[in-house]
Amino acid sequence: MWERTLQDLVRGLRANKKDEAKFIAKAVDEIRQEIKTDDMELKAGAVLKLTYLDMLGYDMSWASFHVVEVMSSSKVHLKSIGYLAAAQSFDQDTDVLMLTTNLLKKDLSSTPADISVTLDGLSHIVTPELARDITPELIAMLNHSRPNIRKRAILALYKTLVKYPEAINQARIRLEEKLEDPDPSVVAATVNVLCELARRNPKDYLSLAPQLFHLMTSSTNNWMLIKIIKLFGSLSPHEPRLVKKLQPPITELISTTPAISLLYECVHTCIIGGMLQGPSGDSLAKMCVSKLAAFIQDSDQNLKYIALLAMAKIIPTHPHLITEYQDTILMSVNDQDISIRIRALDLLSAMVNRSNLQSIVQQLLAHLIRDQSSVLPTAAQSLSQNIASTPPTVLNTLSPSQSPAYRLTLAQRILNLCSRSTYENVSNFEWYLSVLVDLAHVANVNVGAEIRDQLVDVVGRVKGARRYSVQLMYTLLTDDTIIKNAAEEGSCSEVLWAAAWICGEYCLQVHLLLIMQSSHDCYRELSEPQKLLPYLLQPEINNLAPDIVAMYIQASTKIFGTWASELAQRWEDGNLVEVRQAVNSILARVRELAGSQHIEIQERAANTVQLFAFIQADLNSYRPGSDHTPAVPLAGPSTIDGFALPETPRFPKSLYLIQPLFGVYELNPVALNAQGSVAVPEGLDLDAWIVPPPREASHPDNNGDGEKKKKSKKGKGKDVASSASGKKKKVQEDGDRIVLTPVNSDHESPEDRIQREKRKTERLAQLRDDPYYIIDDKPKVVDDVESIPVVHLDDMPPMPQDFRNSKPPTLRTTSHSFSSESFVIEKDGEMPEGATPSRPQSTSQSTPAQSSGFATPVRMTSFLEYEVPDESPVEPIKVVRTKKKTPGKKKRTVPVDSNS
């Protein structure tokens with residue numbers, strides 16, 4: 001009878017690729033017949049074929065008992081097939097493993113060949129129960145006469161000790177004896193096992209330090225030296241005396257060994273073992289850093305990766321040594337391997353300080369600049385290249401920094417480096433503002449929201465940078481590049497929101513500062529803020545997001561109010577035409593925006609239209625006076641309702657309409673815990689309804705079914721009224737008020753519950769359409785993790801040949817020289833009155849406004865303010881209602897407090 005061998009099975013699989021399942025099903029049927037025979041050779045061949053099919057993914061657990069039969073064969077070549085199948089298919093839950101205990105003990109006492117096969121298979125199939133029963137035999141096997149048996153027994157013993165840790169104390173004595181074994185392979189295997197065991201509990205193996213130290217200084221086996229040095233790296237943190245003892249031999253190994261793997265392990269042990277601490281460790285640390293820097297410059301990518309990891313561990317103790325190789329590390333930021341680039345960024349993040357932040361950030365920004373020669377071809381270009389059968393050469397010159405995912409990581413890392421610990425490493429905030437603007441131009445990824453938040457935060461905290469920020473934002477708003485690319489992915493158009501907010505909020509402060517410093521020549525465009533209005537209201541802003549357009553409207557109103565209030569103080573009749581043109585142009589544009597479909601734009605535009613319509617009417621009714629009439633100040637003797645009015649002002653009074661609305665108080669940063677420090681006013685219930693939910697209207701005397709409410713007297717002045725819903729309300733007379741207090745019922749009828757749910761559904765449906773009601777629409781958390789799609793990253797483009805010798809491109813040059821003045825940053829922010837700040841503020845960072853709690857009103861212009869007299873609190877309004885007339889009693893009126 002001819003039987004199919006494993007070679008025949010493999011040939012058949014290759015010949016039946018089109019119908020592989022059918023062929024394998026037929027082969028499995030044949031194997032099922034072969035494995036049931038008494039011929040051990042035929043049974044072993046069937047098990048071998050099943051093992052091959054199991055590696056292809058087909059289940060062979062049904063044949064586990066037959067595998068044990070083959071394992072029990074007396075022939076070594078058949079026994080090895082059985083142990084191979086067991087190692088391939090058995091797991092911890094295989095039920096036939098309980099039948100193998102006696103078989104394993106028998107094989108461990110057999111011939112050396114059987115012992116070798118058994119030890120190899122045992123390390124793969126051992127379970128806690130098997131480890132408990134086999135450990136004594138393995139410990140006895142450590143004294144076998146043959147070195148190869150002792151070596152295999154040591155390695156198999158480690159697997160049993162992992163499954164059965166209770167035997168560690170018993171086996172440790174024999175393992176320590178094997179450190180002095182005459183065979184080097186047995187010693188190496190023992191060191192390997194001890195290294196793995198010490199990683200779990202290093203303190204238990206400190207007594208082995210003398211023997212290990214002797215091996216380290218006398219052995220020439222690099223592989224064993226690596227294991228010993230790793231073991232010392234685990235022991236050194238628990239024994240400080242080892243550090244001083246190990247420094248000389250490890251320093252000698254670092255200086256002399258040509259083996260790179262051993263050199264790295266020595267450096268890594270010095271780092272994790274605390275050998276770089278103290279004066280004696282400085283020279284060793286310098287040597288280690290120099291070796292790691294050489295690894296970074298090596299062509300082996302694995303060496304680069306582990307060197308960057310090791311340098312990141314040296315940074316906390318010796319940052320000045322790593323800083324010397326800053327340029328070398330920066331070259332890895334644009335490496336072809338994404339893992340190396342991320343490790344380089346992590347290392348740069350750890351080595352940043354106040355002195356090297358600017359240089360590191362500028363070089364990281366340079367990596368974000370797109371090279372025009374490396375831009376990806378369009379779809380049409382790619383199609384034409386394929387039609388022409390010309391291989392595209394553009395991909396061969398692509399820089400790794402063109403990957404969108406990596407560009408996003410790089411941009412976010414720049415923002416995190418600069419904003420760490422509230423910008424503690426930023427020494428020049430004018431430079432940082434320019435970096436944020438440059439990043440918005442070159443990032444080409446979605447980091448606009450982060451840049452926007454940091455722009456607003458920096459300008460709000462650092463008062464000394466506001467003048468430069470307004471000038472920079474003016475340039476950003478007048479540049480239409482971002483507006484044109486707003487619809488594209490990664491346009492960072494959110495920075496326009498910050499630019500408009502900054503120009504609208506701080507243009508008055510900067511304008512007055514320029515007037516006092518006579519700096520019109522340097523910042524001429526800021527001395528005329530009205531020139532920014534056409535850019536804020538141009539038709540192209542319709543391409544922007546609704547929140548940005550709304551901020552443009554708000555900023556336009558603020559800027560006009562600032563310009564108009566300052567123009568009124570130096571008013572000339574010739575200015576009337578310019579103001580009218582500005583008001584007319586703003587009205588014409590804002591009226592168009594008032595018809596927007598976005599509710600926020602509608603609201604801002606509608607408010608602006610009403611303000612400017614009033615100003616327009618006032619300008620149209622204004623009649624210029626004679627040129628020789630002197631200007632009259634804004635404060636005069638005549639008052640109306642406590643407000644001081646001017647005496648015949650030469651300028652339109654509506655020019656002062658807008659500016660006091662936005663510039664009365666200075667806007668300062670708020671402390672993180674300021675809101676939590678505000679005490680809740682007495683009598684304020686935050687859980688009470690502001691607007692009560694709607695309820696069904698019912699007749700006061702009827703409960704819906706024509707039945708009158710029943711009243712039962714509980715005492716003088718106290719009644720309990722039963723409503724239609726079954727709930728009771730206590731009626732109590734308190735002086736001139738009537739207070740209705742609900743009385744909780746113990747049970748709620750099903751009809752009442754249905755009515756309550758119905759009213760709740762109607763109320764939610766009504767509030768959903770209310771634009772002034774916030775509804776919490778949080779996304780549901782996906783519990784099914786398997787349903788999340790897996791995104792496969794495209795292969796990274798190849799590295800250009802001349803990339804290592806090329807220099808990164810530079811940013812666009814700027815003619816502005818940054819100020820050399822020292823900036824003061826508000827880190828704490830304002831706290832409410834009577835609250836204690838989270839940390840003490842230094843005198844150089846606090847202002848009089850902050851020391852007293854909330855900011856006091858700050859006069860932003862030179863004109864006088866209106867004085868508002870103090871008014872007495874408004875008396876509560878009392879409503880008189882007529883109480884229902886009851887039989888036998890006279891009609892009376894009861895005054896009711898509207899606040900109750």
Side-chain angles (χ1 to χ4, degrees), residues 108 112-113 115-124 126 131 134-135 137-163 167-202 204-236 242 245-246 249-250 252-254 256-270 272-273 302 306:
L108 289 176
I115 294 175
S116 299
V117 172
T118 304
L119 290 175
D120 292 342
L122 174 63
S123 61
H124 293 88
V126 64
I134 299 297
T135 297
E137 283 74 10
L138 290 178
I139 295 176
M141 201 70 62
L142 297 181
N143 292 329
H144 198 275
S145 59
R146 296 200 176 190
N148 64 326
I149 299 297
R150 296 199 301 270
K151 179 178 64 176
R152 294 172 186 267
I154 290 172
L155 298 177
L157 181 62
Y158 170 71
K159 290 298 187 71
T160 59
L161 293 179
V162 172
K163 298 293 183 179
I168 290 180
N169 295 331
Q170 181 182 0
R172 179 181 162 185
I173 300 175
R174 293 293 182 89
L175 288 175
E176 292 179 6
E177 295 175 356
K178 296 298 109 180
L179 288 175
E180 299 177 358
D181 195 274
D183 189 86
S185 63
V186 176
V187 178
T190 305
V191 171
N192 188 18
V193 171
L194 290 175
C195 182
E196 297 299 325
L197 293 176
R199 186 180 302 176
R200 300 172 181 268
N201 194 2
D204 294 343
Y205 298 90
L206 287 174
S207 60
L208 301 177
Q211 293 175 281
L212 296 174
F213 185 82
H214 175 71
L215 290 174
M216 185 182 68
T217 55
S218 60
S219 177
T220 57
N221 186 351
N222 288 338
W223 187 89
M224 190 173 67
L225 285 176
I226 291 174
K227 292 294 181 180
I228 293 175
I229 291 174
K230 276 187 175 181
L231 184 54
F232 275 126
S234 301
L235 299 179
S236 296
L242 274 178
K245 186 73 174 177
L246 292 173
I250 289 183
E252 183 180 358
L253 282 175
I254 294 175
T256 58
T257 181
I260 296 178
S261 57
L262 177 59
L263 174 61
Y264 174 77
E265 288 301 333
C266 291
V267 173
H268 187 259
T269 300
C270 292
I272 66 175
N302 295 325
I306 62 176

To the nearest 0.5 Å, what is the distance between CG (L225) and CZ (F232)?
10.5 Å
I'd like to know whether I306 forms a side-chain contact (heavy atoms from CB on, under 4.5 Å) with N302, so could you lay out the CA-CA distance, the side-chain angles of the two residues, the decisive distance to 0.1 Å, and finally the verdict.
CA-CA 6 Å; I306 62 176; N302 295 325; 5.7 Å; no
When rounded to the nearest 0.5 Å, the distance separating CG of L142 from CG of L157 is 6.0 Å
Which pair of heavy atoms, one from I250 and one from C270, lies closest together, and at what distance?
CG2-SG, 3.4 Å
Full working for side-chain contact (heavy atoms from CB on, under 4.5 Å) between V162 and R200
CA-CA 10 Å; V162 172; R200 300 172 181 268; 3.9 Å; yes
Tell me, please, which residues at least two apart from S207 pass side chain to side chain donor-acceptor pair (under 3.5 Å).
R172
Among all residues two or more places apart in sequence or in another chain, which pass the side chain to side chain donor-acceptor pair (under 3.5 Å) test with N222?
none
What residue pairs, at least two apart or across chains, pass side-chain hydrogen bond (donor to acceptor under 3.5 Å, both in side chains) with a residue in residues 257-270?
H268-K313
For the residue pair L231 and L208, establish whether any side-chain heavy-atom pair is separated by less than 4.5 Å.
no
Nearest non-hydrogen partners of G273 and S236, listed with the distance:
O-CB, 3.7 Å
Y205: partners by ring-ring contact (aromatic ring centres under 6.0 Å, His included), with sequence neighbours left out:
none
Distance in Å, L212 CG paired with E176 CD, rounded so as to fall on 0.5 Å steps
9.5 Å
L108 vs I134 side-chain heavy atoms within contact, under 4.5 Å:
yes
Where is the tightest heavy-atom contact between P202 and S234, given as atom of each residue plus distance?
CB-O, 3.5 Å
Nearest 0.5 Å please: distance from the CG atom of N201 over to the CD1 atom of I168.
8.5 Å
Starting at CD1 of I154, measure out to CD1 of I149 and round the result to the nearest 0.5 Å.
11.5 Å
Drop me the distance from L246's CG to I228's CD1, to the nearest 0.5 angstrom.
11.0 Å
Name every donor-acceptor pair, under 3.5 Å, that has one atom in a side chain of residues 116-124 and the other anywhere in the protein, sequence neighbours excluded.
residue	atom	partner	partner atom	Å
S116	OG	P112	O	3.0
T118	OG1	D114	O	2.7
D120	OD1	R152	NH1	2.8
D120	OD2	R152	NH1	2.7
S123	OG	D120	O	2.9
H124	ND1	D120	O	2.9

Could you give the side-chain donor-acceptor pairs of residues 186-199 under 3.5 Å, partners two or more places apart or in another chain?
residue	atom	partner	partner atom	Å
T190	OG1	V186	O	2.8
N192	OD1	K227	NZ	3.4

E177 atom CD, over 12 foreign heavy atoms within 6.0 Å
yes
Please determine if R150 and D183 form a salt bridge, counting it only when a charged side-chain N lies under 4.0 Å from a carboxylate O.
no
